[in-house]
Colleague: 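The structure's right below; bear with me while I get my questions together.
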Amino acid sequence: MFYMLMGQYEHTIDAKGRVIIPAKFREELGDRFVLTKGLDNCLFVYSLEEWKNIEAKLKTLPLTKKDARAFTRFFLAGAVECEIDKQGRILIPANLRSHAKIEKDVIFIGVSTRVEIWSREVWEEYSNNMDVSFEEIAEHLDDLNI
């Protein structure tokens, strides 16, 4: 199955740590998926199918490399399988909310094969304080034939 996760949606997390997953993402991720620590102080969400691909790639990292071990620990230690409840919500565990500095308002961003969940404040700071402009990034991607 090929899908493209894209778009940006805003929601609010409740006092128990539950948040509604945008309907468009629920359609593409399914009722169960994996939530884990992401980079840049956000959370990554993968469909079970995509998570299997990630696991396969992690298994190929050399055990003898310190950075590979550290990355694998970081990525897998926080991973949790989520199931959507009847109201379209998931519970984000406290350790993952803490990692992403999520307290109230969250931003969901579709990024190709994953969804990122950001604290609205962290997302706005990230977006406003990028060291380079979108045009500069695009110039560098030209080197990759994108």
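One is the number of the first residue; the rest follow in order along the sequence.
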Colleague: How many angstroms lie between atom CG of L76 and atom NZ of K37, to the nearest 0.5 angstrom?
Modeller: 11.0 Å

Colleague: Are L43 and I102 close enough that some pair of their side-chain heavy atoms sits under 4.5 Å apart?
Modeller: yes

Colleague: Shortest non-hydrogen contact from Y46 to T113?
Modeller: CD2-O, 3.9 Å

Colleague: Quick check: closest heavy atoms across E121 and S119, and the distance to 0.1 Å?
Modeller: OE1-OG, 2.9 Å

Colleague: Does the ring centre of W123 sit less than 6.0 Å away from the ring centre of Y9?
Modeller: no

Colleague: If you take all heavy atoms of A68 and P62, which pair is closest and at what distance?
Modeller: CB-O, 3.4 Å

Colleague: Start with the C-alpha distance between E50 and R114, add both sets of side-chain angles, then the distance that settles side-chain contact (heavy atoms from CB on, under 4.5 Å), and finish with yes or no.
Modeller: CA-CA 8 Å; E50 186 61 26; R114 74 176 179 274; over 6 Å; no

Colleague: Is there a chain of hydrophobic side chains (I, L, V, M, F, W, Y, each step under 4.5 Å between heavy atoms) that links L5 to I84?
Modeller: yes

Colleague: Applying side chain to side chain donor-acceptor pair (under 3.5 Å) as the test, list every pair that has at least one member in residues 88-103; sequence neighbours left out.
Modeller: D85-R89, Q87-R89

Colleague: Might you point out which heavy atoms bring V111 and E116 nearest each other, and give the distance in Å?
Modeller: CG2-CD, 3.7 Å

Colleague: Can you measure from CD1 (I54) to CZ (F75) and round to the nearest 0.5 angstrom?
Modeller: 5.5 Å

Colleague: What's the separation between atom CG in L39 and atom CZ in F44, rounded to the nearest 0.5 Å?
Modeller: 4.0 Å

Colleague: Rounded to the nearest 0.5 Å, how far apart are OG of S47 and CZ of F33?
Modeller: 10.0 Å

Colleague: Indicate if F74 and L58 have the same hydrophobic cluster label, given that clusters are the connected sets of ILVMFWY residues with side-chain heavy-atom separations under 4.5 angstrom.
Modeller: yes

Colleague: Could you check I107 against Q8 for side-chain contact (heavy atoms from CB on, under 4.5 Å), going step by step and ending with a plain yes or no?
Modeller: CA-CA 7 Å; I107 305 288; Q8 179 174 323; 3.6 Å; yes

Colleague: Closest approach of I109 and F25, non-hydrogen atoms and distance?
Modeller: C-CZ, 4.0 Å

Colleague: Please collect all side chain to side chain donor-acceptor pair (under 3.5 Å) contacts where either partner lies in residues 64-82, sequence neighbours excluded, each pair once.
Modeller: R32-E81

Colleague: Drop me the distance from I21's CD1 to L35's CG, to the nearest 0.5 angstrom.
Modeller: 8.0 Å

Colleague: Going by the salt bridge (charged side-chain N to carboxylate O under 4.0 Å, His left out) test, which pairs reach into residues 15-24, not counting sequence neighbours?
Modeller: D14-R18, K24-E28

Colleague: Do you know the tightest heavy-atom contact between V122 and D40?
Modeller: CG1-O, 4.4 Å

Colleague: Please round to the nearest 0.5 Å and tell me the distance separating atom CD1 of I20 and atom OG1 of T12.
Modeller: 9.0 Å

Colleague: For E124, I'd like to know if atom CD has over 12 heavy atoms of other residues, nucleotides or ligands within 6.0 Å.
Modeller: yes

